[in-house]
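Notes to accompany the following structure.
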Amino acid sequence: MNLNVKQRIGLVLALLVGGLLLVAVYALSTIDTTRILKVVSQQVKANTGRDLAIRGPVSIKLFPHLAVVAEQVSLSNPSWASDANMITAKQVSFDLQWAPLFSKRIEIENITLDQVQLVLQAAPATTKVAGNWIFDSTSGNTESNDQASSSFGFDLSGMHLNQASLIFKNSGGAVVDTLLVKDFNNRREGNQIQLQAVMNWNNLPLTLKGSTDLWVPLIDNWGEKPTDFALDLNLGINKQTAQVKGYIKFSPKSNPVVDLKVNSAALDLQAITATLSQGTKSAVADKSGSSNRVFSAEPLPFDALPVWQGAVQADLGTLTLPDGIKLESFNASITATADDALILKPLSFKIGSGQVSGDSRINAVHSAKPEVRVRGYATGFNFGHVMTQLGKGNLFSGGPTQAAFNISSRGRSPSALAASANGALQVSVGQATVSNSLVNLGGDFLLSVANVINPLRKSSDTTQLQCMVAYLPVKNGLVQINQSVGMQTDRLDLTLDGQVNLGPETMLINIQPKEKSGLTTGVNPAGLVQITGTLSNPSMGINKAGVVKQATGVGLAIVTGGISLLAQNAAGVVSRSSPCDNVLHPWPQVAGGLLTSP
């Protein structure tokens with residue numbers, strides 16, 4: 001039979017299509033869905049200790065890819081969890097490779113999950129795990145597991161999530177956070193995985209785009225040999241972008257080693273917080289058992305901090321805090337060491353024209369009694385600028401400010417850390433105009449104290465602050481105020497002495513004001529004021545020592561016909577120095593040597 005060129009081409013194509021169909025039919029005939037499900041279930045049980053259940057139909061699709069599609073799939077939870085299942089999915093699709101089927105092997109290439117729900121729940125304190133995300137491998141039937149492994153392969157080149165939700169619950173089962181994944185795609189390109197995702201966390205829009213190293217080698221090498229996992233991701237947060245770049249090294253029987261850098265031109269935590277506040281949360285923190293203390297006795301989440309080594313560096317052009325304060329040229333680095341220490345060094349940023357530097361260290365982070373040290377130094381900034389950023393610029397203007405601190409302590413709760421604190425804090429504020437309405441923000445108690453020590457404050461809307469200084473040394477939680485807090489205004493000199501015990505949170509503070517108008521009657525009611533009680537419930541009383549001293553002075557004036565009183569007042573006018581003098585200590589000393597550290 002003679003065929004022309006066109007007929008010959010058609011015949012070749014027909015034979016090719018027919019051959020492919022025969023191959024497809026043979027391949028499909030070799031696929032046993034029951035066997036596939038058994039293999040997958042055995043692998044899941046062996047590696048997680050959980051049960052994989054498929055309650056819907058299982059089907060085979062030929063186009064556009066050879067795939068096994070299962071519906072109503074779930075992965076069980078541990079017995080203590082509030083939900084029966086940790087993962088539920090409406091549909092799960094596994095794309096299979098053709099060639100391995102002829103060798104009776106199953107190779108999964110792509111996974112697609114539709115309408116997935118993942119519930120992560122913290123474990124009760126009585127359990128030995130952190131949450132339901134900690135899996136227990138089970139020995140089971142080792143022989144059957146080995147057989148299953150020999151006929152099962154995982155060569156993942158892509159994954160797609162459609163309408164997935166991640167729900168975070170506390171140990172009581174209440175929802176505390178929700179992450180909705182509208183769309184998530186990854187695909188293999190050479191030796192990298194390309195990622196792209198659109199998400200929403202408690203009403204906060206998130207996007208993710210970038211690349212990582214291949215996931216399969218990381219999974220295959222897990223627990224057996226060291227593996228470096230590089231990543232370069234752009235994270236979008238409420239229309240803001242941050243780049244996260246670096247690597248994580250995983251080694252058997254060792255903590256992961258991290259080397260990451262975070263860069264962003266601007267990160268606005270105020271806008272992020274405002275967006276999050278619009279989201280809905282099912283769980284509300286239970287504060288019924290909290291005590292009436294300034295420093296909580298609730299343990300800080302030291303145990304929740306991951307165990308790792310390495311460093312994470314952040315370089316942000318502008319960091320806006322939730323209260324609106326803008327930190328410019330923000331630079332920080334957190335280092336984790338092999339001996340369970342966390343080090344924040346350096347930390348530096350600008351506030352207006354001022355510069356702030358500091359560092360901190362936590363030793364024995366996961367021990368029963370972590371040791372915490374923080375120190376810092378700030379200079380060249382204007383307190384009025386900070387008040388303006390807080391939206392209260394009409395209450396305070398001016399005020400060049402300098403501050404330093406160096407505090408060390410031990411404990412797991414704020415109250416324990418306060419009770420064992422050692423170090424010092426020092427602040428100096430220069431000339432400023434202060435609105436009298438600023439005192440009103442402190443509540444009725446502070447307003448009452450202000451009216452007693454300065455009855456003339458109501459005659460003007462503002463006070464001209466000339467200086468304010470404070471040097472507060474603390475030893476084992478006891479803050480001694482030995483006339484080391486002073487303030488001078490256009491009408492009043494003010495000095496404080498006494499002590500504050502941060503352990504029981506008690507205080508005894510004497511207020512010593514001096515009216516600047518000149519000679520007085522010798523009886524100064526403000527000098528009789530004493531603040532006692534606790535930090536959360538202060539009270540105003542009488543300074544008995546001040547009563548005796550003033551009564552003695554008045555009695556002597558009566559005997560001498562007032563001559564002694566006139567002499568005492570006149571001497572006070574001549575020799576009185578500023579309450580801001582001789583208070584401040586050398587700044588490098590207060591900052592714990594921070595100013596001279598390399």
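The first residue in the sequence is number 1, and the count goes up from there.
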Audit row: L502, F295, side-chain contact (heavy atoms from CB on, under 4.5 Å) steps and yes/no:
CA-CA 8 Å; L502 300 178; F295 299 104; 4.1 Å; yes
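- Across every non-hydrogen atom of E505 and V294, the tightest pair is OE1-N, 3.0 Å.
- One finds a salt bridge joining R187 and E189 here, because a Lys/Arg side-chain nitrogen approaches an Asp/Glu carboxylate oxygen to under 4.0 Å.
- Interatomic distance, Q121 CD to W133 CH2, rounded to the nearest 0.5 Å: 9.0 Å.
- In this structure, R361 and V374 have side chains that are not in contact, with every pair of non-hydrogen atoms separated by 4.5 Å or more.
- Inter-residue side-chain proximity for R55 and S74 is flagged as met; some heavy-atom pair is nearer than 4.5 Å.
- Scanning both residues, I325 and Q389, for their nearest heavy atoms gives CA-OE1, 3.2 Å.
- When all heavy atoms of I407 and A424 are compared, the pair lying nearest together is CD1-N, 3.6 Å.
- Atom-to-atom distance recorded for I111:CD1 and D95:CG is 9.5 Å, nearest 0.5 angstrom.
- Summarising the geometry, atom CG belonging to N422 is positioned 11.5 Å from atom CZ belonging to R410; distances are rounded to the nearest 0.5 Å.
- Pairing each heavy atom of G533 with each of S539, the nearest pair is N-OG, 4.2 Å.
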For S333 and T335, run side-chain contact (heavy atoms from CB on, under 4.5 Å): C-alpha distance rounded to whole Å, both residues' side-chain angles, the deciding distance at 0.1 Å, then the answer.
CA-CA 7 Å; S333 178; T335 302; 4.1 Å; yes
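- Contact of the D51 side chain with the L75 side chain is not registered, since no non-hydrogen atoms from C-beta on lie closer than 4.5 Å.
- Residues F229 and Y247 are not in side-chain contact: their nearest non-hydrogen atoms beyond the backbone lie 4.5 Å or more apart.
- Atom CG of D339 has more than 12 neighbouring heavy atoms from other residues, nucleotides or ligands inside a 6.0 Å radius.
- Here the straight-line distance linking atom CD of Q196 with atom CG of N186 works out to 11.0 Å at 0.5 Å rounding.
- Residues S93 and A67 approach most closely at OG-CB, 3.8 Å, considering heavy atoms.
- T337 contributes atom OG1, which lies 7.5 Å from atom CD of Q309 (distance to the nearest 0.5 angstrom).
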May I have the step-by-step check of salt bridge (charged side-chain N to carboxylate O under 4.0 Å, His left out) for D83 and K169, ending in yes or no?
CA-CA 10 Å; D83 299 287; K169 294 187 175 183; 2.6 Å; yes
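- Inter-residue side-chain proximity for T318 and L267 is flagged as unmet; no heavy-atom pair is nearer than 4.5 Å.
- Atom CG of N203 is separated from atom CG of L180 by 10.0 Å, given to the nearest 0.5 angstrom.
- Using a 4.5 Å cut-off on side-chain heavy atoms (C-beta onward), F250 and P226 make no contact.
- Put simply, the side chain of I167 reaches to within 4.5 Å of the side chain of Q117, judged on heavy atoms.
- Minimum heavy-atom separation, N292 to S536: O-OG, 3.0 Å.
- Taking the side chain as every heavy atom from C-beta outward, L120 and N132 approach each other to under 4.5 Å.
- Applying the salt bridge (Lys or Arg N to Asp or Glu O under 4.0 Å) test to pairs two or more places apart or on separate chains, those with a residue in residues 303-323 are D303-R412.
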Would N406 and R373 satisfy side-chain contact (heavy atoms from CB on, under 4.5 Å), going step by step from the backbone distance to the final call?
CA-CA 7 Å; N406 178 27; R373 179 187 177 185; 3.5 Å; yes
